[in-house]
Amino acid sequence: MIRVELEEAVALVTIDRQEAMNALDVGTLTDLRGRLSELAADESVRVVILTGAGEKAFVAGADIKYMSNLDVEAAKAWGALGHEAGRLLETMPKPTIAAINGFALGGGCELALACDIRYAASTAKLGQPEVNLGIIPGWGGTQRLARVCGLGIARELIFTGRIVGADEALRIGLVNAVHDPVLDKAHETATLLAAKSTVALRTMKELANRALGGDHEENLAAEGKTFGELFSTKDAKEGLAAFVEKREPKFVGH
Ligand code: CAA
């Protein structure tokens with residue numbers, strides 16, 4: 001099951017299927033996609049944290065028992081469902097933070113990769129071991145791992161299926177920080193981000209998502225256009241005025 005707890009403007013989404021190391025079956029993944037879709041549209045939610053229940057696992061991947069009986073069409077639909085959840089994390093107009101509290105393997109690592117920021121507990125283990133099952137990462141891993149860590153590291157990890165610990169994950173840029181308890185770090189950043197201009201965050205996320213794809217000149221032009229347009233917002237006027245007046249800004253989100 002998926003638990004969603006709201007605290008002020010921060011939503012904590014917990015994947016809870018501890019009997020299977022929080023591996024995602026159809027019910028849990030469908031539920032996750034639905035909850036992420038609601039949170040994407042809910043303007044009172046400014047930041048989303050994704051974590052796993054218990055101390056052992058973030059998500060140990062897609063449910064292998066379920067996958068062992070899939071035919072080609074069912075496997076395509078299963079891949080598409082995971083892609084939808086990943087795209088929601090990647091494109092929802094607010095920051096998403098993965099708090100990796102244990103194993104983040106296969107589809108679990110892929111969901112974390114779809115988030116804007118990743119923090120890991122010192123006990124976390126991450127990787128794409130699909131090759132050991134005779135399959136490939138199917139929820140974004142062949143693309144997003146390269147975007148986060150670079151193609152050289154990504155190829156080694158997806159080809160070998162090697163699992164990395166938290167310290168190596170930090171060294172290769174797979175996570176932004178290692179911290180115990182990991183949820184404290186996620187909440188600290190979420191609170192910081194919740195106080196910032198939501199319109200500026202939303203716009204930066206949209207532009208940052210274009211950074212590694214498309215045409216560089218066009219992307220810079222989009223940045224220039226949006227940079228200018230933001231000067232019509234209350235938040236830009238407030239943020240600039242607050243600096244000049246030597247006070248803290250109060251952002252309204254438009
Ligand atoms: N799917 C289904 N069940 C899983 C699971 C998974 N991905 N991962 C763990 N479980 C289940 C185990 O089968 C076991 O259940 P039973 O007691 O009913 O057999 C229970 O969770 C506890 O697991 P273990 O006894 O194996 O615990 P452990 O501490 O010895 O090992 C582990 C933990 C290293 C995470 C190990 O469970 C493991 O290797 N899991 C599989 C990891 C994996 O390969 N993930 C990738 C899946 S493929 C994928 O995700 C495709 C994609 O890109 C979309």
Side-chain angles (χ1 to χ4, degrees), residues 1-3 13-36 50-91 96 98-115 118 120-149 151 153-169 174-175 182:
M1 79 181 211
I2 304 298
R3 280 188 275 125
V13 179
T14 306
I15 297 167
D16 191 348
R17 197 174 164 239
Q18 292 181 64
E19 70 279 10
M21 296 271 173
N22 301 327
L24 294 167
D25 60 2
V26 179
T28 318
L29 183 57
T30 305
D31 197 7
L32 177 65
R33 180 194 55 180
R35 303 309 292 269
L36 291 176
L50 182 67
T51 197
E55 288 178 359
K56 289 189 187 151
F58 172 73
V59 170
D63 191 300
I64 300 172
K65 290 169 197 165
Y66 168 69
M67 287 192 298
S68 64
N69 290 314
L70 293 185
D71 61 19
V72 169
E73 287 313 309
K76 282 185 182 170
W78 182 231
L81 187 59
H83 277 161
E84 282 177 38
R87 276 303 271 169
L88 280 163
L89 289 163
E90 186 172 59
T91 62
T96 51
I100 303 164
N101 53 308
F103 289 109
L105 302 178
C109 191
E110 291 171 298
L111 286 180
L113 283 166
C115 291
R118 282 159 294 286
S122 56
T123 52
K125 293 198 186 310
L126 300 90
Q128 301 289 160
E130 287 90 342
V131 68
N132 299 324
L133 301 166
I135 59 173
I136 66 168
W139 293 350
T142 64
Q143 304 303 303
R144 292 196 184 102
L145 188 57
R147 288 181 165 221
V148 170
C149 298
L151 193 49
I153 301 271
R155 279 199 269 229
E156 190 239 335
L157 290 183
I158 65 173
F159 290 0
T160 62
R162 188 167 69 81
I163 307 299
V164 302
D167 288 342
E168 183 174 355
L174 179 49
V175 299
V182 68

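Atoms within each ligand, like the ligands themselves, are counted from 1 in listed order.
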Please evaluate residues Asp31 and Thr28 with respect to the criterion side chain to side chain donor-acceptor pair (under 3.5 Å), reporting the C-alpha separation (whole Å), side-chain torsions for both, the decisive distance (0.1 Å), and the verdict. CA-CA 5 Å; Asp31 197 7; Thr28 318; over 6 Å; no

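- Pocket lining of ligand 1, defined as residues with a non-hydrogen atom under 4.0 Å away: Glu19, Ala20, Met21, Ala23, Ala60, Gly61, Ala62, Asp63, Ile64, Lys65, Met67, Phe103, Leu105, Gly106, Gly107, Glu110, Pro129, Glu130, Leu133, Pro137, Gly138, Trp139.
- Of the possible polar contacts, one joining the Asn101 side chain to the Ala57 backbone as a donor-acceptor pair under 3.5 Å is found.
- Scanning for side-chain hydrogen bond (donor to acceptor under 3.5 Å, both in side chains) contacts around Gln143 gives an empty result, with sequence neighbours left out.
- Of the charged side-chain nitrogens involved, none lies within less than 4.0 Å of a carboxylate oxygen, so that Glu90 and Arg147 do not count as a salt-bridged pair.
- With Leu36 as the fixed residue, the side-chain contact (heavy atoms from CB on, under 4.5 Å) test singles out one of Thr96, Leu111, Ile2, Leu89: Leu89.
- For Arg87 and Glu84, the salt-bridge test fails: no basic side-chain N is under 4.0 Å from an acidic carboxylate O.
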